[in-house]
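One structure is given below, encoded as structure tokens.
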Amino acid sequence: MCQTRVDLYIHQSSVVHLDLKLENIFVDGSLKLPEAKGWFKIGDFSFSSFTKFPYSPIIYTKCGSNGMMAPEIEEKKPFNGTHADLFAF
């Protein structure tokens, strides 16, 4: 469910993060079990990019953290930024 919220919020705003990893995902203070109703928040948008086409943002630049990138980024091929973000999850 969290992944869907990330996709809806930043990707529908024509933003791709390109460096999603645990170090860049934060939990607000209201996330307490057993009734977890808190929110996950994303930080460090230094690699992020605005795109013209929210559902087909093709990126040509290798960026992100090694080991967290989608295979096409590692291979230095053009890639879909939203797909790369979801791969990181």
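- At least one donor-acceptor pair under 3.5 Å links the side chain of Asp85 to the backbone N or O of Leu18.
- Separating the CG atom in Asp44 from the NZ atom in Lys21 is a distance of 7.0 Å, to the nearest 0.5 Å.
- Remark: His83 NE2 to Ile58 CD1 distance equals 8.5 Å, nearest 0.5 Å.
- For Ser49 against Ile59, the heavy-atom pair with the smallest separation is OG-CD1, 4.3 Å.
- Atoms CZ and OG1, from Phe47 and Thr61 in turn, are 11.0 Å apart once rounded to the nearest 0.5 Å.
- Expressed to the nearest 0.5 Å, how far CD of Glu75 lies from CE of Met69 amounts to 11.5 Å.
- Interatomic distance, Ser65 OG to Asn24 CG, rounded to the nearest 0.5 Å: 7.0 Å.
- Side-chain atoms of Phe45 and His17, non-hydrogen and from C-beta on, do get closer than 4.5 Å to each other.
- The shortest non-hydrogen separation linking Phe50 to Ser13 is CD2-O, 4.5 Å.
- When the shell of 6.0 Å around NZ of Lys77 is examined, it contains 12 or fewer heavy atoms from other residues, nucleotides or ligands.
- Separation of atoms CG (Leu86) and CG (Leu20) is listed at 8.5 Å; rounding is to 0.5 Å.
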Exercise. Before giving the answer on side-chain contact (heavy atoms from CB on, under 4.5 Å), spell out for Val16 and His11 the whole-Å C-alpha distance, their side-chain angles and the decisive distance to 0.1 Å.
Key: CA-CA 6 Å; Val16 289; His11 294 162; 4.2 Å; yes
